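Below is one structure, written out as structure tokens; comments come after it.
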Protein chains: 2
Amino acid sequence: MMTRREEQRLERRAAIIEVAAQLFVEKGYGATSMSAVADALGGSKATLWKHFASKEELFAAFIEGRISLFREEVSQTLASTGNVRADLSKAVLHLLRRILSEPSLVLYRLVIGEGGRFPEIGRIFYERGPKANQDAFAMFIQARMSEGELRKGDAQEAAGMVIALCSGGLHQRALWQDSKPTKKEIEAEAEAVVDHFLRSYAAKAPK
Amino acid sequence: MMTRREEQRLERRAAIIEVAAQLFVEKGYGATSMSAVADALGGSKATLWKHFASKEELFAAFIEGRISLFREEVSQTLASTGNVRADLSKAVLHLLRRILSEPSLVLYRLVIGEGGRFPEIGRIFYERGPKANQDAFAMFIQARMSEGELRKGDAQEAAGMVIALCSGGLHQRALWQDSKPTKKEIEAEAEAVVDHFLRSYAAKAPK
DNA sequence: AGAAAAGCGTACTGGTTGGTACACTTTTTT
DNA sequence: AAAAAAGTGTACCAACCAGTACGCTTTTCT
């Protein structure tokens, strides 16, 4: 059972992470000072070090929290309704919207940029992010292959193609410039991804 | 004509950039101090500020230098020998090897990571890097489309598919973890990229 | 030869940073 | 009621950093 003190301690800890998250996202790791976090928190610096032994530890906690936000959603959008193309279109569109969202882009930049300082975070992010998405698609594709609705082949590799197509186009452009893609561009890319995929993996050559 | 003084000044400037490049690559922008650059150079701090008005300016000069190293190579590898598949395989393999090389990965991380502080550098990098590659492929593809060796379509979009497939698979994995892909993995991915591309754009449906 | 430019070396400034110390108050547990 | 835990506020430290100032030597141009 959770004692009252432990509850409040966790609340305070969460508040610290939340306030730090805003600063990390806004200004990056290096430009965010612990004093600034304490000020934004309204509390004292001593409190910070009672919860996190160092700035690095606070950053790691923040990243882990963000990553867990991005889990689970994908597998939800991948249900089979009998129409493979429609199912894929829907899921791909969801995926594109998500990885092109500003919070997601900021997280990408942060993880890649500070990847040198925090090698483990990069690994965790990859496994729970892109890799998890690929696995979800692979499971869906595998099922359709078994049913004969897709040409049989390596489902994991096929899913890799989908992820690559999703993360190599608009996503790359958005990562470097801050040109936000329009909704139409996103929808067009989603269709193009599904088109390319089905050209490679449709059960029978489309007329 | 270049006077002797100007020559030596440029040499010294190049030496500074070279020495700074090593530190930037090793430790990142934030963790590289100007004093450290001066020490590694063997010279004095005053000299640094005679060449570069600020640390940011030095960093920008370093990045621009690196980017120009990565230009031009790609278009060289894209010649037509009459065999589309072979031509593409060769060029894709070259591209993959290059973007998966350690210097290239480090540059990626640096540009993305410090992208917030230097927004223009991200744009320049994109235009001279991924975008330039895409244009080179688009030109090749356009020519093959005209000759009837590839199904007619939007050459720029087709090239985008190649670039996306190249930068979405092993490259993503390499960016986050520091797992260096093996030569076999790279070759396999190159073949897979060409396979997928030709399935979408081959002039006639393969048997 | 003499002026000018470039570089060198060192010491310094003003500011910031991560992290600590300590005395104090509030809340919760026992 | 007393002990323990948590948080607060402030002052502080040692280290570091970008950038400056200045006097010195060496090289190059005219």
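Everything numeric in this text was worked out from a predicted model, so none of it was measured. In what follows, every chain begins at residue 1, and chains take the letters A, B, ... in the order their sequences are listed.
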Mark yes when over 12 heavy atoms from residues, nucleotides or ligands other than [X] sit less than 6.0 Å from its [atom1]; otherwise mark no.
X: B/Q22; atom1: CD; result: no
X: A/E191; atom1: CD; result: no
X: A/E26; atom1: CD; result: yes

Taking atom [atom2] of [N] as reference, at what distance in whole Å does atom [atom1] of [X] sit?
X: A/E11; N: C/dT28; atom1: CD; atom2: P; result: 10 Å
X: A/D39; N: C/dT17; atom1: CG; atom2: P; result: 10 Å
X: B/R117; N: D/dA18; atom1: CZ; atom2: P; result: 11 Å
X: B/W49; N: C/dC8; atom1: CH2; atom2: P; result: 14 Å
X: A/F59; N: C/dG18; atom1: CZ; atom2: P; result: 13 Å
X: A/L48; N: C/dA21; atom1: CG; atom2: C1'; result: 16 Å

Contacts of B/R4 and B/S54 projected onto DNA chain D by closest heavy atom; the upstream (5') one is B/S54
Test of ring centre spacing under 6.0 Å for A/Y108 and A/H171: yes
Practice prompt. Taking only Lys NZ, Arg NE, NH1 and NH2, and the carboxylate oxygens of Asp or Glu, determine whether A/E7 and A/R4 approach each other closer than 4.0 Å.
Written response: yes
Per-nucleotide protein contact along nucleotides 5-17 of chain D, 5' to 3', at a 4.0 Å heavy-atom cut-off (B base, S sugar-phosphate only, - neither), is BSBBB-------S
Residue set satisfying side chain to side chain contact (heavy atoms under 4.5 Å, CB included) with B/R128, at least two apart, ordered chain then number -> B/E64, B/I67, B/R71, B/I124
